[in-house]
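Scope of the values below: all heavy atoms of this structure, side chains included, with no hydrogens, waters or symmetry mates.
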Amino acid sequence: MNSMMGYFWASFWFNFLLILHRFSDVSVADQDGFLSLYCGRTSGFTDSSNISWVPDNAYVTTTNTTNLNFMDVSSSSWIPLRFFPNSNDVRACYKLPMQNMSQSDQVLVRPQFYYKNYDGLQKPPVFWVSIGRANVATVNLSSSDPWIEEFIWPVTKDTLSFCLHALPGGGFPVISRLEIRPLPQGAYKIGMTDSLNKSLRKKYRVNCGQNNGSIRYPFDSYDRVWDVDQNFSPSHLSTEYNTQLLINTSGIMENPPVAILQTARVLARKNDLTYDFSLDTLGDYYIVLYFAGILPVSSVFNILINGEVMSTNFTVKNSEASVIFFVKSGIKTLNITLQNVSFYPQVSAIEVYELVDIPLESSSTTVSALQVIQQSTGLDLGWEDDPCSPTPWKHIQCEGSVVRSLMLSDISLRTIGPMFGDLLDLTTLDLHNTSLTGEIQNLGSLQELENLNLSFNQLTSFGSDFSSLTSLLTLDLKNNTLQGTVPDSVGNLKYLQLLNLENNKLQGPLPQSVNRATLDLRTTGNLCLSFSHSTCNGLLDNNSLETPLVTIVSNKKRKAIHDRRAIIIGCVVGVLCALFFILLIGYLFWRKKKESGITSTSLPKLDMRNWNAARVLSYKEIKTATRNFKEIIGRGSFGSVYHGKLSDGKLVAVKVRLDRSQLSLDSFVNEVYLLSQVRHQNLVSLEGFCYESKQQILVYEYLSGGSLADNLYGQNHKKVALSWVRRLKIAVDAAKGLDYLHNGSDPRIIHRDIKCSNILLDSEMNAKVCDFGLSKQVSMADASHVTTVVKGTVGYIDPEYYSTQQLNEKSDVYSFGVVLLELICGREPLTHAGSPDTYNLVLWAKPYLQAGAFEIVDERIKGSYDLESMRKTASVASRAVERDASQRPTMAQVLAILKEAYSIQLSYIS
């Protein structure tokens, strides 16, 4: 009797305090990081739990939406609502800030959807919902109205996309509330594998032993909703039990509220305690069980999930809380049984979540390249977040997280920029009718490309990339202005099934390699194309010829022609036999001469007296210096760079060109001559070169400090972060080298590929600019500009140079300005982290720096720089990346300002 009275009073006071707390001042509860959107409402308010709600307008990224307030007849209350009438064409999305979640690695996302016949049509909508890259739920308001979802989502970026997607015939997506709540650091991860690629969708969260309604904020400071447990068939032999006993919760990352732990469902007799949960879909589920020792004795029991023993002799100790996690795969029903061992099985709370896979993120290189393509077109293609998930971007097709197809027809590209070369996984590229001109370029790295459509443009030259496109199946070049002959590199594409060259200005012999039955060859509308050298003789010189003569025949006619050729060949075979030995001897002599290449004995005739220190090295010397090319220290589109040591002990970097990047003999000699003339303390010097055995090799001085990119972003920066004064010294050194190229050398030189990885550091951290492989000599006549095919690295390329193909020294200034921004902000030019407006460093950082807002300065140097030094550097960096080249300073002016900033910083730290 006394125990019953004690239980009664304990229960009475607990419920009394619970009710009292609900109606008391709750301002003491922490709401840091809470975001509560009342969708469709035009003003904010504070609810009875002291939670502040705000309108959703500022967070909706979809322009065509409708908001309204309507009367719910069933509850006689006004409900705000936003619906999306055109969501079939665009994503209906919210962009939710995560910056305030810095202390949380996961957030609770809780949307609420109402229909309540707001439109009078009695047609509740059906649509699906995505968070980030994942399709997380299908909302069917005909089966439940309102519909409430709740997810636990990992925080990996500065913003989170929440989107509603229409289904065919499903009506307009609607939403009424959207709540974001930070969760405890490290919660809901025990027993999870690959937690960054998993989300939890709440199915049940029950407060066992509580019968007085759901509780949430302020009892749960994370605003989780805990429901009563009577609906889940706990054994009728069990008892609701609550207490005011303080429970030790140390070690429980989920931080359950005290009110939850002070209640429990306890089995009154020596029997089993059972809960049954119905699950909507067959899937994988994450189960969390909370226990608190609110009884005066310890309980010992076994835990069974769907009849399988998951834990034996589990013990709940007095005044202590504990938690246990399970993952069950491939289930549609859930039975949780606490099997008695000694004393009384008990449980305080249960959470059940469905595991939702988050698709892998697309390659950051691919995403950055696509973002640059979008910016270069000046069009809003709707490319936001991930290109493949939850739905592919327009003009793009994916396989999983890999972008496989890009189709950008009927827009103005003008040129195939370097960023296309970063789309390494493409199998289909369609750029027909995109105003392309000049040479086909920047596609050589797309070795998986199978289908290439460049038709209906103004392309004039094949370029040199086709030898690398070894997987091509179809190549459509019709309706261009291609001139000259068809190169062998096209004919050598052994898997090619369709080659369409119609309506160009091609002429001359076709490669014999395209004369095969498996290839559909189309050549009508050209000047004259033939497999025979003699077919076009005299015709191309006839100015009166108006109709192009095409001698390519269909596959049906080829057999007859081949038969006639056999007769002719039989007639001349005797003559050919007579000539065979003469040709063989000539070929062997030519082959031997070609393979020998240029040797050190033939080079003196090139007059190397004024080639400074550059010396000729044999291929044998190169192999010895590099220990047979053992240690690679760098790679690029040109080939690989190896560490070496010459016979005199000097350390060198040996750059070996790939076959496809090799130059003609004259071009290579000219490049070597140019590099040998460039001598400056802040430019990497050429030590020697080799041109033999089909190799083109340049030997540079070796700098042991690595590149600036290594020191800012690689392993080096984790050891010792570059100080601001060191960064300024590097910037001054690099600017000196570039100023020499622009103003001190004869002829003047434009580098064309300034970037952090082309600024190298010696052992004392002195900087030198390297890699003149793309450099352009500038004569006085060309001082204003040089028309050239766009070269460089995505993220550093001058946008004016890209759009006009007019190169001048201000293009280097722009690229160097990007480097300065990297030194200031400590981040790369292009990144897929954060929100889309931060992907491009120039577009993101420039407004801040122009306004003197230095909160974007690299965290590693904050508090260590002089404000005036930073202001001067930020100012010149912002001017250097002006889109209009005429508004940029010269390199000499940049150097002068950087020297001032460096001097100020030296005074500051001395």
**Q** Counting only heavy atoms not in Glu149 (residues, nucleotides, ligands), do more than 12 fall under 6.0 Å from its CD?
**A** yes

**Q** For a quick check under 3.5 Å, do Thr281 and Lys332 share a side-chain donor-acceptor pair by atom type?
**A** no

**Q** Does NZ belonging to Lys317 count more than 12 external heavy atoms closer than 6.0 Å?
**A** no

**Q** Without hydrogens or angle criteria, can the side chains of Tyr286 and Glu351 be said to hold a donor-acceptor pair below 3.5 Å?
**A** no

**Q** Under 3.5 Å, side chain of Trp226 to main-chain N/O of Cys208, donor-acceptor pair present?
**A** no

**Q** Closer than 3.5 angstrom, by distance alone: can the side chain of Asp386 be matched with the main-chain N or O of Ser362 as a donor-acceptor pair?
**A** yes

**Q** Check Thr333 against Asn306 and note the closest heavy-atom contact, atom names and distance.
**A** O-ND2, 3.1 Å

**Q** Do Asp105 and Val155 have side chains that approach each other closer than 4.5 Å (heavy atoms only, starting at C-beta)?
**A** no

**Q** Can a side-chain donor-acceptor contact be found between Tyr59 and Asn57 if the only test is distance below 3.5 angstrom?
**A** no

**Q** Ring centres of Phe291 and Phe301 under 6.0 Å apart?
**A** yes

**Q** Indicate yes or no: at least one non-hydrogen side-chain atom of Arg110 is less than 4.5 angstrom from one of Arg177.
**A** no

**Q** Under 3.5 Å, is there a donor on one side chain and an acceptor on the other for Arg181 and Ser36?
**A** yes

**Q** Would you find a donor on one side and an acceptor on the other, under 3.5 Å apart, between the side chain of Arg133 and the backbone of Ser389?
**A** no

**Q** So, taking the atom named CG in Asn212 and the one named CD in Gln210, what distance separates them when rounded to the nearest 0.5 Å?
**A** 5.5 Å

**Q** I need the single residue from Thr337, Asn335, Leu334, Ile331 that forms a side-chain contact (heavy atoms from CB on, under 4.5 Å) with Ile305. Which is it?
**A** Leu334

**Q** Is a donor on one side and an acceptor on the other found under 3.5 Å between the side chain of Ser348 and the backbone of Thr263?
**A** yes

**Q** Mind checking whether Ile215 and Asp220 have side chains closer than 4.5 Å, heavy atoms only?
**A** no

**Q** Between the side chain of Arg41 and the main-chain N/O of Val54, is any donor-acceptor distance below 3.5 Å?
**A** no

**Q** Stepwise, does the side chain to side chain contact (heavy atoms under 4.5 Å, CB included) test hold for Ile180 with Met98?
**A** CA-CA 9 Å; Ile180 306 295; Met98 296 288 109; 4.0 Å; yes

**Q** Would you say Asp229's side chain and Gly209's backbone share a donor-acceptor pair under 3.5 angstrom?
**A** yes

**Q** Report the residue from Leu141, Leu178, Ile148 that forms a side-chain contact (heavy atoms from CB on, under 4.5 Å) with Phe113.
**A** Leu141

**Q** If you measure from CG on Asn140 to CZ on Phe127, what distance do you get to the nearest 0.5 Å?
**A** 9.5 Å

**Q** For the atom pair CD1 (Ile152) and OH (Tyr188), what is the distance rounded to the nearest 0.5 Å?
**A** 4.5 Å

**Q** Got a donor-acceptor contact below 3.5 angstrom from the Ser299 side chain to the Val316 backbone?
**A** no

**Q** Can you tell if the side chain of Lys116 reaches within under 4.5 Å of the side chain of Asp145, non-hydrogen atoms only?
**A** yes

**Q** Closer than 3.5 angstrom, by distance alone: can the side chain of Ser144 be matched with the main-chain N or O of Pro146 as a donor-acceptor pair?
**A** yes

**Q** Give the minimum heavy-atom separation between Trp147 and Thr138, together with the two atoms involved.
**A** CZ2-O, 3.4 Å

**Q** Asp385 and Lys95: side chain to side chain contact (heavy atoms under 4.5 Å, CB included), yes or no, with the steps?
**A** CA-CA 10 Å; Asp385 302 315; Lys95 192 70 69 175; 2.9 Å; yes

**Q** Report yes or no: does Arg205 contribute a side-chain atom to a donor-acceptor pair with the main-chain N or O of Val225 at less than 3.5 Å?
**A** yes

**Q** Side chains of Thr312 and Asn302: is there a donor and an acceptor less than 3.5 Å apart?
**A** no

**Q** Applying the ring-ring contact (aromatic ring centres under 6.0 Å, His included) test to Phe277, which of Tyr285, Tyr204, Tyr353 qualifies?
**A** Tyr204

**Q** Atom CG in Asp223, atom CG in Leu183: separation rounded to 0.5 Å?
**A** 10.0 Å

**Q** Are side-chain heavy atoms of Val174 and Pro125 found at a separation under 4.5 Å?
**A** yes

**Q** Whether the side chain of Asn117 engages the backbone of Gln122 through a donor-acceptor N/O pair (distance < 3.5 Å, no angle test) should be reported.
**A** yes

**Q** I want to check something: taking the side chain as every heavy atom from C-beta on, are Phe314 and Ser322 in contact at a cut-off of under 4.5 Å?
**A** yes

**Q** Nearest 0.5 Å please: distance from the CZ atom of Arg265 over to the OG1 atom of Thr274.
**A** 12.0 Å

**Q** Minimum heavy-atom separation for Val403 and Ile396, please, with both atom names.
**A** CG1-CG2, 3.9 Å

**Q** So if I apply the ring-ring contact (aromatic ring centres under 6.0 Å, His included) rule between Phe34 and each of Tyr222, Trp53, Tyr217, which one comes out positive?
**A** Tyr217

**Q** Mark yes when over 12 heavy atoms from residues, nucleotides or ligands other than Lys328 sit less than 6.0 Å from its NZ; otherwise mark no.
**A** yes

**Q** Any side-chain heavy atom of Ile131 sitting closer than 4.5 Å to one from Ser199?
**A** no

**Q** Starting at CG of Asp284, measure out to NZ of Lys198 and round the result to the nearest 0.5 Å.
**A** 6.5 Å

**Q** With a 4.5 Å cut-off on side-chain heavy atoms, are Ser130 and Cys163 touching?
**A** yes

**Q** Taking Arg224 first and then Glu254, would you say they form a salt bridge - that is, a charged N and a carboxylate O separated by under 4.0 Å?
**A** no

